[in-house]
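Input: a single structure, listed below in structure tokens.
Please read all numbers here as calculations on a predicted model, not as lab measurements. Lettering of chains follows the sequences in order, A, B, ..., and the numbering in each one begins at 1.
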Amino acid sequence: MRAFLAGGLVATVAFAVAPAQADTAEAEAAPSTFELSNGMEVVVIPDHRAPVVTHMVWYKVGAVDEDPGKSGIAHLFEHVMFKETDDIGPEEFTTIVQRNGGQLNAFTSWDYTAYYERVAKQHLEKMMELEVERMTDLIINDDPEGPFISERDVVKEERRQRIDSNPGVILQEQVMSALYQDHPYHITVIGNMDEVAALTPQDGLDFYKKWYTPSEAILVVAGDVTADEVRTLAEKTYGQVEVASTEIPTRGWQEVQPLAETQTIEHRDPKVRQPEWDRWYLSTSYQEDKEFAYALDVALDVLGGGRTSRLYQALVEDQKIAVSASAGAWLSLHDTAPTVLSASPSDGVSLDELEAAYMAVVADVLENGFTEAEVERSRNSLAASAIYQRDSQASMANNYGQTLAIGGSIEDVLDYPDDIRAVTADDAIAALRRVLAEDKNYIEAHLLPEEESQDDE
Amino acid sequence: MMNKFKLGLGASVAVSLLLAACQVPAETADTTTAMDVVAPDSDELAVTVHEGDFATIQQFTTPGGISVWLVEEPSIPIMALRMAWETGAATDPEGLEGLTNATTYMMNEGAGDLDSLAFATRMEELNMSFGCGSDNEATYCSASMLTDNADDAMGLVALAMTEPRFDTDPIERFKREELIGIRTRETNDGYLAARARDQALMPDHPFSRETSEDSITAITQDLIMARKDQIMVQDGLLVTAVGAMSPDELAPLLDAALSGLPESSELPAIQDVTLNAPLQAPIVVDLPQPQSLVSFTATGPARDDPDFFGAYVLNYTFGGGGFESRLMKDLRVEKGLTYGVSTGISTGDHLNTWRGGGRTKNESAGEFIEGIKTEMNDIVANGVTEQELSDAKAYLTGSYPLSFDSNSKIASNLMGVRLEELGVDYFDKRNSLVEAVTLDDVNRIAAEYLQPENFTFIVVGEPDGIEETALTLDAGEVVTLDEAGDMEEHEAEETDAMPDPDHG
């Protein structure tokens, strides 16, 4: 029902692999990491169930690193990476991968940009060669009618599709902007329409030269490979790329300033049929304060993590005042991430009434804490999610890549189940009290139908 | 509605594992010529082992009579289980649309001594998930569990299958959610497009019925109980499983869960759909948004049609191959008109379509439709090239192993093959069926199916530049069912270099 702008907001991201008590088979499947002489990091995650591999290259650059007025360049540039190189003709990159039976894609966030191919294992070297080629020899055409310009139009359509057609996402964009006033997270990754429309091929070239270099890249290979195999291939391909002569660029990461005031943002839209209520607080992130973040993970799971949670039981099941009620945080950002309280009212219930009932549950929890049993269940669920993750080679690769790209380590991933199990009920409630303290400011968001006059302010 | 498949989750991450549960490979094949051997190491069960190219499939029937396909996969401690019955929502009684959905919704809402909360809590304690869902033609249940406590997890599945409670509170919650769904779908462009399509092409068929406030309100506990016994019967029950478990370990757990089901039930047969004649001008549905959703639908080949594989290969070149498709090359890469446009072949026991769609700004809707029709005319008149054919085959065969890299994918693939009765050796033969397609095949099939006048176009938004409008509908005027999300999923899957600014 709700499309979160920040994909991972509700499902608290859980990543990790084998528990500590690994047997021999598990040991062979243990991930490993090493670095090439030019500074490129490599992670290998063996998974021998099928003769396929997931090959990813993560660049330590994202929308936080964009210059003022150039919003959207990290993402638009990601599109341009598929266009043309010295050795690969226009639009041929995809052709070559798909002729090899490969699937490919890419994505951009505030904190990173990543490219991947999934192929039968015998094509791994070819994929490395292709990624090296576009890491070093991309051609950006400055023809005003050229591919950079038509791709800019594509991105404008993408913005219309992802954001401008979705009232809930329009509202979230406004909320993020208010929450991160002086921080780059305040602009959506896809960028402002006007600024995207004004981006030039030169902007693309500048961005490429500054950021696309081995020392700013992480290679992740998951699948039917060993660390030795990957090392041999990686040294032969990526290892041949020269160390960048320029200085390592400074990233746009910075401290997030506390909110100066609490405010309410309302968005009314003719497409809205069901109102929604949110509160956004600045909390923490895995990178900023791991222990705090893990404790918050557990706390938000108990408070609003699903059907058994305090909020769902109280508001949806018992009082029937809401049709949905949840709480979650998007902790996998580098800088301070938001914690979001959310609910949608039953018919005839105003957002004011809903808010009062919601915050009464929160107040009760803050005062009286959690039971040991519910904390135990959440800890185990979060830890077990790491085991379920092992079923997907691609999500394993994703988790390692993302963790490293935002400054974490392979140990962060490996230790996650143990670390999350170490969270106590006291830790959890303390983390929640810290985020939702009386003196904390927040952004409240109301999504409402256009005509309905719901005077709840 | 949008959430056809309802899951109870112990571990939140299991969502992605389970959503694949009701996917069926969009392909077909001839009858079986399996080279099977009987396993020497099973005393109790007669297990037939098929050593396939992609998986070793053990087939057996439990003492209780459940037919199972199992792939033993010891390397991760997870078991993926799928169950399917070939009765779906299309047999909901008139005036009770939504009843099958209500029944599947309720399957993890309490059983035996456990009410809804206690059941969900128990799933969390066991770090398992279990949930059911349905489409027009079939009903599915799916479970994921850790092998370590599979006995207890399967015990809970057994309780749900044999002693479901169907308590009033969760039924009322289901109704509240459904009534909101009915309201919100009126501004969902994908839903409106599907509704307009169905009303235009198959207005009198059960597939075009949809839930209403009345039909949801009319659903009762007794009706749900009776419906469960109609759907979840032993006759036709299919089970697939992938995980670290042997046939002898799995069989008694399945018998405890499933062999107490009614033997069979009688429901009226569904008629095959014959689509109405295509409309020659687009149907426009007004919706205030900056983009128009354009969808187009024509009759497609059936899965057992000898031309199916030819059409499947052709579809890759025309609109199914992501950036490699002609539609993407022209409308996205060349013209910058869209973020994504794609086509797909949808087959079933009673309905076969070839359809596609994409979004473009309202100002360019007319140009977008003209572009699609131009590509159709071109492929009909001139066919595809040898290179395009060979590229399509290379991708479709070369990428096939990627469908077998996780337990949950394999379990779903096995179920797809079982539901379509493709034979246990289908996986081994499938690539050679792709390879056998000739240039003559695809060009003949293009000329037969891809004529623009075969397609009915639907436009949802505030489009400009549409020449003629057959029928203008206000959002919310018509009748349909719940296939709204399908095309969007397709786009997401097929569109390459799709950036995800919100990856998390």
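A donor-acceptor pair shorter than 3.5 Å can be found between the side chains of A:T95 and B:E324. Under 3.5 Å, the side chains of A:R162 and B:Y339 contain a donor-acceptor pair of N or O atoms. Side-chain N/O atoms of A:Q393 and B:S406 include no donor and acceptor closer than 3.5 Å.
Put simply, the side chain of B:Q291 gets close to the backbone of A:Q161: a donor and an acceptor are under 3.5 Å apart.
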Begin from the C-alpha positions of B:E109 and A:R307 and carry the test salt bridge (Lys or Arg N to Asp or Glu O under 4.0 Å) through to its verdict.
CA-CA 10 Å; B:E109 290 287 350; A:R307 208 166 111 195; 3.4 Å; yes
Tell me, with the steps shown, if A:R118 and B:D405 meet salt bridge (Lys or Arg N to Asp or Glu O under 4.0 Å).
CA-CA 11 Å; A:R118 292 182 18 80; B:D405 69 348; 2.9 Å; yes
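Ion pairing between a basic and an acidic side chain is recognised when a charged N comes within 4.0 Å of a carboxylate O; B:R332 and A:E158 show no such pairing. Salt-bridge annotation for B:K329 and A:E91: absent, with no side-chain N of the basic residue lying under 4.0 Å from a carboxylate O of the acidic one. Classification of A:E317 and B:R173 as a salt-bridged pair holds, one side-chain N sitting under 4.0 Å from a carboxylate O. The residues B:K361 and A:D153 are annotated as not salt-bridged, no charged nitrogen and carboxylate oxygen being separated by less than 4.0 angstrom.
We find the CZ-CD distance between A:R49 and B:E73 to be 6.0 Å, quoted to the nearest 0.5 Å.
For B:T360, the parts lying under 4.5 angstrom from a heavy atom of chain A are both the backbone and the side chain.
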